[in-house]
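To start, the structure under review is shown below, and the notes come after it.
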2 protein chains.
Amino acid sequence: MKPKIEDVAKAAGVSPTTVSRVLNNRGYISENTKNKVYQAMTDINYIPNDLARSLYNKKTNIIGLIVPTTKNPFFGEIAAEIENDCSNRGYKMLICNSLNNIEKERKYWEMLRRNQVDGVIVGTYNRGILDYDQHQLPTVAIDHYLSKNIPVVGSDNYQGGRLATEKLLESGCRYIIHINGPGELETPANYRRKAYEDTMNKRGQEPVTYEISGVFDQVEQDRIIRQVFDEHPHADGIFASDDLLALNVLREAHKRNIPIPEKLKIIGYDGTETIRTTAPHLSTICQPISTIAESAVAILQKQITDMLPLEKSETRHPVSFHKGSTV
Amino acid sequence: MKPKIEDVAKAAGVSPTTVSRVLNNRGYISENTKNKVYQAMTDINYIPNDLARSLYNKKTNIIGLIVPTTKNPFFGEIAAEIENDCSNRGYKMLICNSLNNIEKERKYWEMLRRNQVDGVIVGTYNRGILDYDQHQLPTVAIDHYLSKNIPVVGSDNYQGGRLATEKLLESGCRYIIHINGPGELETPANYRRKAYEDTMNKRGQEPVTYEISGVFDQVEQDRIIRQVFDEHPHADGIFASDDLLALNVLREAHKRNIPIPEKLKIIGYDGTETIRTTAPHLSTICQPISTIAESAVAILQKQITDMLPLEKSETRHPVSFHKGSTV
DNA sequence: CTGAAAGCGCTTACAG
DNA sequence: CTGAAAGCGCTTACAG
């Protein structure tokens with residue numbers, strides 16, 4: 001049987017109350033008693049039960065993180081950063097890979113509630129899951145609009161879209177296509193598109209945007225990429241809204257023997273550490289992942305400790321350009 | 001205030017005992033009562049408190065996962081797979097990124113204990129942390145020897161090392177170098193090296209192995225790679241013990257204008273989904289990540305449910321060869 | 001400075 | 001088929 005406070009108390013010859021007090025450094029306890037208790041704790045190898053503690057305190061110091069999947073480098077990195085920040089602040093993290101499955105996600109929300117998490121950080125698309133009006137749980141969304149009263153954190157998507165487009169224009173492109181990832185309608189990522197279109201219009205160029213609707217659908221993605229090449233054989237620039245997509249575009253270009261960057265320039269989005277080490281040749285817009293993570297955790301913690309009601313807010317962190325050899 | 005069982009009981013006009021019983025589907029309850037209770041639960045929006053439940057049951061259905069960092073594609077993918085398997089079996093997962101920091105790792109172990117996790121899956125190098133003799137907690141290690149009584153799951157490293165070496169030999173290499181990642185001494189990954197050396201010896205070739213000791217030390221890694229090229233300008237094959245390393249080798253080869261695969265063939269190890277999509281040209285040995293994850297979870301669950309004492313075992317899953325253009 | 005008692009939200013013998 | 005009581009391992013007023 002695992003030792004409990006009572007056992008420590010017996011071993012130290014004091015009451016459970018006293019043990020609890022030294023454990024929590026609360027109230028006045030004589031040095032002597034303190035030492036006896038510490039001694040007893042190590043003697044019997046006592047480890048406090050946080051379940052009991054949390055039950056009483058109504059605070060678990062656990063937060064939930066819901067992402068599509070940590071297989072994706074962007075979410076793998078953001079998850080790692082968020083967990084680090086949590087750990088530094090004394091929070092633990094329950095992780096949920098929703099696989100963009102609405103039913104799974106609904107279950108995760110319930111699970112997190114049952115486990116009394118102090119808050120949740122969400123990076124998935126799930127309109128309709130939350131009961132907007134009476135959502136109480138402290139929550140922060142990463143690049144997703146979940147509800148009118150949930151703060152959103154992300155990169156400055158408009159700046160990113162503009163930057164990508166400008167870089168292409170600067171390096172001489174005139175016939176630039178934009179390819180969008182799936183489900184970006186409900187996310188601030190649609191500002192990437194908006195910025196692209198605005199920037200093109202301002203220069204008097206006609207914007208052309210393709211959308212990939214299927215989530216995790218490699219086949220559709222490949223089909224659309226081929227379609228772009230078929231329908232726009234004279235395009236000289238492609239702005240893809242994520243790096244994996246950009247790499248696929250690059251691959252198709254190679255297949256068609258289109259010299260990069262001479263005939264076609266390509267720029268991606270995300271700039272994860274993984275991509276920058278495995279494919280440093282890809283020019284891309286880098287999201288400040290650790291800053292995003294940090295600020296999401298900070299905002300969440302503020303909600304938790306101040307017990308503030310949820311309030312809409314949008315935090316955008318500046319992006320940067322990584323120059324590879326595709327632009 | 002969150003509604004509790006008592007509130008449901010009141011709303012349904014029954015006792016808390018009865019509510020608990022319908023909640024757990026235990027004992028006989030009349031259909032009528034059941035319905036009243038269900039009705040009451042939805043009426044007042046009741047969500048059970050798993051903390052209280054777990055406290056009583058001495059079972060949390062939570063497991064801990066300790067990895068160096070999910071930023072690394074291998075661990076990001078294994079974490080996602082493990083979490084999926086857990087979720088399917090009704091377990092939740094607390095994730096810990098130890099960053100290969102022994103102090104952090106020690107704290108994570110204590111945290112997991114305090115939170116009464118049912119078991120732990122570890123993918124980090126941490127000899128000396130566990131109290132071998134009296135380690136009670138169900139535990140499974142991924143490709144690491146933690147203690148004489150903790151089961152290990154991984155890819156068949158010996159087969160992998162042999163396969164890599166044979167592929168190089170088959171394609172004509174004779175002067176093959178092996179570069180090892182850090183910290184592989186205490187892990188089954190050292191069988192990759194052993195297999196390489198055995199295979200080379202059997203063919204009458206002299207094995208040459210370099211080791212990179214610094215964990216996460218990009219600078220040292222680059223230095224060693226340059227050293228390999230400097231000291232063995234006539235090498236015609238390199239077997240790198242992970243893909244990120246292999247890609248760095250490839251990059252250095254490009255810098256030196258060494259044509260790949262004509263003058264030099266390169267083969268990596270891991271074959272994550274991420275690498276296979278971002279760098280499909282890299283030939284590599286693929287670990288069956290989802291199989292490894294699945295079997296780790298299965299073994300852990302068996303320990304948990306059968307309450308077996310920990311027992312040494314080693315499970316090796318076969319690897320496969322991914323042919324890119326570097327071999 | 002220290003302890004006995006009540007309570008956090010559940011569950012399960014035990015009794016009816 | 002249903003309920004009152006005790007207990008899971010803690011913590012914190014309250015009293016001394």
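To find a chain, count down the sequence lines: A is the first, B the second, and so on, and within it residues start at 1.
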*With the side chain counted from C-beta on, respond yes when B:Ile63 and B:Val120 share a heavy-atom pair under 4.5 Å apart, and no when they do not.*
no
*Set of salt bridge (charged side-chain N to carboxylate O under 4.0 Å, His left out) partners for B:Lys10, sequence neighbours left out*: B:Glu6
Please tabulate, one pair per line, all N/O donor-acceptor pairs under 3.5 Å involving side-chain atoms of residues 288-296 of chain A, not counting sequence neighbours.
unit_1	atom_1	unit_2	atom_2	d
A:Ser295	OG	A:His317	NE2	3.0

*When you match B:Ser30 and B:Asn57 each to their closest nucleotide on DNA chain D, which lands nearer the 5' end?*
B:Ser30
*Among residues 19-26 of chain B, which contact DNA chain D at a heavy-atom distance under 4.0 Å?*
B:Arg21
_Residues in side-chain hydrogen bond (donor to acceptor under 3.5 Å, both in side chains) contact with A:Thr272, at least two apart in sequence or another chain_ = none
*Base, sugar-phosphate, or nothing for A:Thr18, non-hydrogen atoms under 4.0 angstrom?*
sugar-phosphate
*Touch check for B:Lys2, heavy atoms < 4.0 angstrom, all strands: base, sugar-phosphate only, or nothing?*
nothing
_B:Arg113/B:Glu110 salt bridge by N-O under 4.0 Å criterion_ = no
*For DNA chain D, what dot-bracket results from Watson-Crick or G-U pairs at under 3.5 Å, with [ ] for crossers and | for inter-strand partners?*
|||.||||||||.|||
*Does A:Arg89 have any salt bridge (charged side-chain N to carboxylate O under 4.0 Å, His left out) partners at least two apart in sequence or in another chain, and if so, which?*
none
*Does the side chain of B:Leu65 reach to within under 4.5 Å of the side chain of B:Cys96, using non-hydrogen atoms?*
no
*Indicate whether the side chain of A:Thr124 and that of A:Glu105 have a donor and an acceptor atom separated by less than 3.5 Å.*
yes
_Flag for B:Thr17-B:Ser20: side-chain donor and acceptor within less than 3.5 Å_ = no
_Among residues at least two apart in sequence or on other chains, which ones pass salt bridge (charged side-chain N to carboxylate O under 4.0 Å, His left out) with A:Lys34?_
A:Glu31
*Applying side-chain hydrogen bond (donor to acceptor under 3.5 Å, both in side chains), name anything that partners A:Glu273, two or more places apart in sequence or on another chain.*
B:Lys71
*Tell me which residues in residues 37-45 of chain B put a heavy atom below 4.0 Å from DNA chain D, sorted by number, or none.*
none
*Closest approach of B:Lys59 and B:Asn61, non-hydrogen atoms and distance?*
NZ-OD1, 2.7 Å
*Kindly determine whether B:Gln116 and B:Ser54 satisfy side chain to side chain donor-acceptor pair (under 3.5 Å), including the steps that lead there.*
CA-CA 9 Å; B:Gln116 316 298 117; B:Ser54 299; over 6 Å; no
_Quick check on DNA chain D: between A:Pro3 and B:Tyr56, whose nearest nucleotide comes earlier from the 5' end?_
B:Tyr56
*Start and end of the DNA chain D segment that chain A contacts, any atom under 4.0 Å from a heavy atom*: D:dG9 to D:dA13
*With sequence neighbours excluded, tell me which residues meet salt bridge (charged side-chain N to carboxylate O under 4.0 Å, His left out) with A:Asp50.*
A:Arg53, A:Lys92, B:Arg114
*Which residues, if any, of residues 4-16 of chain A bring a heavy atom under 4.0 Å of DNA chain D?*
A:Lys4, A:Ile5
*Pick base, sugar-phosphate or nothing for A:Thr33, based on heavy-atom distances below 4.0 Å to the nucleic acid.*
sugar-phosphate
_So does A:Leu51 get a backbone contact from the side chain of A:Asn49, meaning a donor-acceptor N/O pair under 3.5 Å?_
yes
